[in-house]
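Below, all heavy atoms of this structure are taken into account, side chains as well, without hydrogens, waters or symmetry copies.
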Amino acid sequence: MNAMRPEKIETTETETVDTNLAAVTEVEAGIRDFVRNDIAYLRRPASSTPDPPPLDPSAEATVNNVNSLIQRVAGTSLAEIENLISELESLRDLLHAEGQRVQREISGYAQLSQAAMKSTRMIADNVAQWKRAADGLRNS
């Protein structure tokens, strides 16, 4: 069985891959520039230049793009984490309330069981007295 492999990839797929690679490369370059600028600022002695030189417009735009990308990703993640935390807290409260309810019901069943045992003992004692009285009447 021979599997045929197409020799050509459609041009639209190639263009999409090239566009995606270009976007990834651009973002990586922006991150590298941002890190370099950040590290370079930290390595400079404070006494030589009080204010950092302004970034060129393309680097500033790249930094802004990276910052907005990080804020979007982090914002979504933080919102998801906050939602998860609030759901877990509400579940904790629900479990706590249910635990208290179960404890109250168990306590009620224990009291009911004790009352039933006392009643059964009283009935058994009365039946035993009646039996003795009946046996005494039969023997007389």
Using 4.0 Å as the upper bound for N to carboxylate O, is an ion pair formed by R132 and D135?
no
If I take atom CZ from residue R92 and atom CG from residue L94, how far apart are they, to the nearest 0.5 angstrom?
12.0 Å
Over 12 foreign heavy atoms within 6.0 Å of CZ, R138:
no
Check whether any side-chain heavy atom of D93 lies under 4.5 Å from a side-chain heavy atom of H96, and answer yes or no.
no
Is any side-chain heavy atom of E89 closer than 4.5 Å to one of I85?
yes
Nearest-0.5 Å distance that lies between atom CD in E26 and atom CD in E28:
11.0 Å
Answer yes or no: is there a side-chain heavy-atom contact under 4.5 Å between R101 and E98?
yes
Separation of D125 CG from W130 CH2 (nearest 0.5 Å)
11.5 Å
Straight-line distance of L84 CG to L91 CG, nearest 0.5 Å:
9.5 Å
Output yes when a side-chain donor or acceptor of S107 lies under 3.5 Å from a complementary backbone atom of Q103, and no otherwise.
no
Supply the atom-to-atom distance S86 OG to I81 CD1, rounded to the nearest 0.5 angstrom.
12.0 Å
Hey, is the main chain of A116 close enough, under 3.5 Å, to the side chain of T120 for a donor-acceptor pair?
yes
